[in-house]
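Just follow the structure's listing: the first ligand is 1, and inside any ligand the first atom is 1. Nothing here was measured: the structure is a model prediction, and the numbers come from that model. Heavy-atom basis, side chains included; hydrogens, waters and symmetry copies ignored.
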Amino acid sequence: MTLLLDAKRDSDLQHAISLLRAGELVAVPTETVYGLAADARQPAAVSGIFAAKQRPANHPLIVHLGHIAQLEEWVTQVPDVALALANHFWPGPLTLVLPKATWVDPIVTGGRDTLALRIPAHPALRELLQRGNLAVAAPSANPHKGLSPTSAAQVMACMQGKLAAVLDGGDCTVGIESTIVDLTSAEPRVLRAGPITASTLADFLGSPVHHPQQHNVAVPGNMQVHYRPRTRLKLKTSAEVQLDPGYRVARLLLSEPQDPVSVGFALTRLMPQDKPAYARLLYRALHEADQLGAKEIWVELPPTSEDWADVQDRLGRAASS
Ligand code: AMP
Ligand code: MG
């Protein structure tokens with residue numbers, strides 16, 4: 001049985017802390033997507049994440065902290081650049097990869113000697129981490145390769161019975177996974193595009209930050225097929241997305257639908273032009289489209305500007321087969 005806890009109720013938050021301390025799995029709200037959390041200091045609890053998600057053991061996890069001061073416990077050294085980024089962008093959707101402290105169990109890092117860390121901005125999760133003096137390892141709370149959940153109901157729909165509880169903290173306000181930046185080489189490298197762009201990081205640091213396209217580091221978990229709905233997803237141009245398919249299709253549009261009464265379209269969702277608003281709704285719209293039993297999901301190609309790089313990245317993987 002999976003309990004549904006309400007993040008606004010103090011006794012429920014306290015219960016989530018107790019479950020995590022007891023080595024149980026609890027899905028928690030973050031500003032990006034819902035995470036499947038386990039106490040990162042308990043290797044047996046962390047191994048439960050891999051079992052529940054059917055995630056390969058070499059895919060590293062992100063550890064979520066409550067305070068910047070905790071960094072020193074988890075990594076061997078905190079370079080100035082890490083501290084500067086943490087002070088400016090945390091709490092927030094930026095994950096830093098640093099050399100792990102020797103005591104950190106390799107199950108957390110997929111056997112690597114580096115560790116990914118961030119402080120999430122969701123107020124209930126921060127309260128849980130700070131009050132419980134916890135650090136939680138938490139990948140997205142969905143089966144391996146699937147769509148990330150951005151609401152407690154979506155977590156329940158795909159993970160019920162595989163975890164002790166879901167802490168309902170409302171809909172995720174960012175809605176897309178964090179930017180991951182590797183600080184273990186000479187110059188920072190973005191390993192996964194996210195809400196904070198490489199240019200934003202470079203402007204802040206006043207020095208170069210490499211984009212995902214500029215290097216080719218293979219990190220297990222950074223797979224081509226990922227973030228995928230069950231229904232086949234196709235990316236379409238603005239012209240293509242208006243053509244009647246002749247079979248049931250769910251569409252996510254950026255331009256106004258030209259033929260609103262076409263029989264072929266099981267769902268037509270006009271998405272916001274504003275990137276943060278689009279990202280906030282993307283997974284919800286894909287979950288909704290996925291539930292219709294349509295033959296395909298068509299998504300109108302997003303703009304190619306850098307601020308849309310995370311959306312382009314997720315949609316590109318979702319469309320991969
Ligand atoms: P998620 O599956 O959304 O929780 O994201 C975790 C992803 O972060 C992994 O799939 C990796 O791509 C990346 N990651 C985590 N830890 C590391 C690390 N130590 N080095 C490089 N990438 C990492
Ligand atoms: Mg994931």
Does at least one non-hydrogen atom of H59 fall below 4.0 angstrom from an atom of ligand 1?
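False for this residue.
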So is L191 in contact with ligand 1, going by heavy-atom distances below 4.0 Å?
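Yes; L191 lies near enough to ligand 1 that a heavy-atom distance drops under 4.0 Å.
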Centre of Y227's six-membered ring, under 6.0 Å away, within 45 degrees of the axis: is that where NZ or CZ of R314 sits?
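Judged by the rule, R314 and Y227 form a cation-pi pair.
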Quick one: does NZ or CZ of K236 land under 6.0 Å from the six-membered ring centre of W298, within 45 degrees of the ring axis?
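Judged by the rule, K236 and W298 form a cation-pi pair.
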For the Mg ion (ligand 2), decide whether S140 has an N, O or S atom at a distance under 2.8 Å.
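Yes, S140 qualifies, because one of its backbone or side-chain N, O or S atoms lies under 2.8 Å.
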Salt bridge or not for [X] and [Y], using N-O below 4.0 Å?
X	Y	answer
D10	R131	yes
R189	D182	yes
R126	E31	no

May I ask you to check if ligand 1 and H226 share an N or O to N or O distance below 3.5 Å?
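N/O-N/O distance under 3.5 Å: no.
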Geometry only, no angles: is R55 polar-contacting ligand 1 at N/O separations under 3.5 Å?
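Such a contact does occur with ligand 1.
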L167, V166, D168 screened by side-chain contact (heavy atoms from CB on, under 4.5 Å) with L5, the one that passes
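The side-chain contact (heavy atoms from CB on, under 4.5 Å) with L5 is passed solely by L167 among L167, V166, D168.
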Should you measure from each heavy atom of V97, which atoms of ligand 1 turn up under 4.0 Å away?
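Within the 4.0 Å cut-off of V97, ligand 1 contributes 18 (C), 19 (N), 20 (N).
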Hey, which atoms in ligand 1 end up nearer than 4.0 Å to a heavy atom of A116?
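Counting from 1, the qualifying ligand atoms are 15 (C), 16 (N), 17 (C).
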For a side-chain contact (heavy atoms from CB on, under 4.5 Å) check, start with the C-alpha distance between L252 and E300, then their side-chain angles and the critical distance, and finish with the verdict.
CA-CA 6 Å; L252 272 52; E300 185 171 339; over 6 Å; no
Does only the side chain of K100 get under 4.0 Å from ligand 1, or the backbone, or both, or neither? Count heavy atoms.
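Near ligand 1, K100 shows nothing, with every heavy atom at 4.0 Å or more.
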Can you check which of L96, T114, I180 brings a heavy atom nearest to atom 7 (C) of ligand 1?
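It is I180 whose heavy atom sits nearest to atom 7 (C) of ligand 1.
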